[in-house]
Number of protein chains: 2
Amino acid sequence: MALKFALLSCLHESPATGYELTQTLKERMGNVWNSSHQQTYRELARLLDEECVTFEDVPQTGKPDRKVYSLTDLGRRELAEWVNTPSSRPKVRDPLLLKLFAGDFWESANLEEELAVHRIEWQATLDKYLAIEARYFSAPEGMPRHYRLQHMALRRGIEVNRSWLAWSEEVLAVNQANPKTGR
Amino acid sequence: MALKFALLSCLHESPATGYELTQTLKERMGNVWNSSHQQTYRELARLLDEECVTFEDVPQTGKPDRKVYSLTDLGRRELAEWVNTPSSRPKVRDPLLLKLFAGDFWESANLEEELAVHRIEWQATLDKYLAIEARYFSAPEGMPRHYRLQHMALRRGIEVNRSWLAWSEEVLAVNQANPKTGR
DNA sequence: TCGCGCATGTAAGTTGTTACATGATTTA
DNA sequence: TAAATCATGTAACAACTTACATGCGCGA
């Protein structure tokens, strides 16, 4: 349901192709909403059908044509309406936390290795978001509502990745203090 | 995929009915894995088919019979194998953060009301987890691996709800400093 | 020349949600 | 007496994932 509004939000900022929308959701909005390119293209087809978006064909030599999508008035109205409608919190489904619930099966070496991989990802994401903050939100005080609220979404991403990093250190300590080896 | 292992993890602790499994996932494991009762029953039927679980019929007077499920050796082996296999991080999809990205449509009063509702939920969940921690994990140092790792999952839940509460205060402040009213 | 980035999609399968359906016991 | 809790499911739909498919340009 909300993928629709994720795409409309992106297009509200600027027209874009399906490919670019997918990139934006993966990169700048990675801590907000994610979509595979397959999902994006399917949803764009639907939005076109509902007349929430239109597109302009931009021919290219060699590459396939770029379909540059943009919001219609209907799309903008529906987005505004959705934003002002309460939504419920998403349900948590986290395989990493689930593994801790069956942690007596989890061998120390494997736990350590898995956390090491995630820690690299968390650190990389954190660095990326901090770079965005330094580049665009160095002085949030004076900025208009639109940017200040976007900044709060980014701050959430920064905070989340920081806290995963801190938490995982605690887990590694517990794992070392209470080791388990294979058979 | 992982709903299977969520159910197996619960059953590893103790045999349970589909109803009880759903309750456990909603309550004690709410910050780890969630499942509706419909999903639970469907998955249990599959697990029965795969011979990862068995059940015992416990007749009751008045109420329908309780089907008490428990792990088979195969189920336990598959769970152990899964725990030791790396998994990738779930992709974020959060409507609340998404709304901030189209925040110039979001009227201050509506934002405030939505956050107020979520804050009540976050506070209630936090209190619940703190109560569980006080009751079962007052002295984690001396506990065996199994419990200490479960405690780390709970700590994550506590931390997450705390940080939502702190973050939402910041958002409310920004919202008040940069108000938007309907037309 | 091999893989990556750009750029578009289709098809099949799995997972999750919402609606429907039943019925006794306990609590307000 | 009405609603919540216990206890089980079926059916239809929506959302998401994985695999398949194409093809040019560019840099190593």
Side-chain angles (χ1 to χ4, degrees), chain A residues 1-8 10 15-27 29-30 32-50 53 55-69 82 87-95 98, chain B residues 1-8 10 15-27 29-30 32-50 53 55-69 82 87-95 98:
Chain A
M1 182 82 272
L3 169 58
K4 167 175 175 176
F5 302 106
L7 297 178
L8 295 182
C10 289
T17 66
Y19 187 87
E20 287 165 347
L21 289 167
T22 305
Q23 295 311 104
T24 303
L25 292 180
K26 277 209 210 326
E27 291 302 311
M29 291 176 66
V32 169
W33 204 272
N34 278 268
S35 164
S36 63
H37 76 273
Q38 294 91 332
Q39 236 192 316
T40 304
Y41 287 122
R42 181 157 29 107
E43 191 65 32
L44 280 173
R46 253 179 242 168
L47 290 173
L48 205 57
D49 206 62
E50 293 178 28
V53 300
F55 72 93
E56 201 191 342
D57 239 307
V58 181
Q60 298 192 119
T61 44
K63 295 176 197 171
D65 294 1
R66 281 161 58 89
K67 289 190 183 178
V68 180
Y69 290 87
W82 176 78
S87 46
S88 49
R89 303 292 311 138
K91 311 261 166 70
V92 180
R93 290 189 177 93
D94 192 319
L98 182 52
Chain B
M1 183 81 276
L3 169 58
K4 167 174 175 175
F5 301 106
L7 297 177
L8 295 182
C10 290
T17 66
Y19 187 87
E20 287 165 346
L21 289 166
T22 305
Q23 294 312 102
T24 303
L25 292 180
K26 276 211 213 326
E27 291 303 310
M29 289 176 68
V32 168
W33 205 272
N34 278 269
S35 165
S36 62
H37 77 272
Q38 294 90 332
Q39 236 191 319
T40 303
Y41 287 124
R42 188 175 49 186
E43 191 65 32
L44 280 173
R46 253 179 240 167
L47 290 173
L48 204 58
D49 206 62
E50 292 178 27
V53 300
F55 72 93
E56 202 189 342
D57 241 305
V58 181
Q60 298 192 120
T61 44
K63 294 176 198 170
D65 293 2
R66 282 161 55 89
K67 289 191 182 178
V68 180
Y69 290 87
W82 176 77
S87 45
S88 49
R89 302 292 319 143
K91 311 260 166 72
V92 180
R93 290 189 177 93
D94 192 320
L98 182 52

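None of the values given here were measured: they were computed from a predicted structure. Each chain gets a letter, A, B and so on, in the order the sequences are listed, and its residues count up from 1.
Taking the side chain of B/W33 as heavy atoms from C-beta on, and the options C/dG16, D/dA15, D/dT18, the nearest nucleotide is C/dG16. Distance from the side chain of B/Q23 is smallest for D/dC6 among the nucleotides C/dT17, D/dC6, C/dG9. Closest to the A/R66 side chain, of the nucleotides C/dA7, D/dC6, C/dT17, is C/dA7.
Contacts of B/E43 with the nucleic acid, taken as non-hydrogen atoms under 4.0 Å apart, are absent. A/R42 comes within 4.0 angstrom of a base, heavy atoms only. Here B/S35 lies out of heavy-atom contact (under 4.0 Å) with every strand.
Between B/R93 and D/dT17 there is a side-chain polar atom (N or O) within less than 4.0 angstrom of OP1 or OP2. Considering only side-chain N and O atoms, B/T17 lies under 4.0 angstrom from the phosphate OP1 or OP2 of D/dT8. Applying the 4.0 Å criterion to OP1 and OP2 of D/dA15, one finds that A/K4 has every side-chain N and O outside that range. Side-chain nitrogen and oxygen atoms of B/Q39 include at least one within less than 4.0 Å of the OP1 or OP2 phosphate oxygen of C/dT17.
Rounded to an integer number of Å, the gap from CG of A/L3 to P of D/dC16 is 6 Å. Rounded to an integer number of Å, the gap from B/H37 NE2 to D/dT5 P is 14 Å. In this structure, the CG atom of A/L21 is 13 Å from the C1' atom of C/dT8, given to the nearest Å. The CG-P distance, from B/L7 to C/dG16, rounds to 10 Å in whole Å. In this structure, the OH atom of A/Y19 is 7 Å from the P atom of C/dG5, given to the nearest Å. Between B/M1 atom CE and D/dT17 atom C1' the separation is 13 Å, expressed in whole Å. Rounded to whole Å, the distance from OH on A/Y41 to C1' on D/dT22 is 13 Å. Between B/K91 atom NZ and D/dT18 atom C1' there is a gap of 11 Å when expressed in whole angstrom units.
Here the closest heavy-atom approach between residue B/A2 and residue A/L98 is recorded as O-CD2, 3.7 Å. Of all non-hydrogen atoms in A/T22 and A/S35, the two that sit nearest each other are CG2-O, 3.4 Å. In this structure, A/N34 and B/R93 approach most closely via the heavy-atom pair O-NE, 3.1 Å.
Within 6.0 Å of atom CD in B/E56, 12 or fewer heavy atoms from other residues, nucleotides or ligands are found, so the atom counts as exposed in its surroundings.
Put simply, the residue from A/L44, A/L47, A/L48 that forms a side-chain contact (heavy atoms from CB on, under 4.5 Å) with A/F55 is A/L48.
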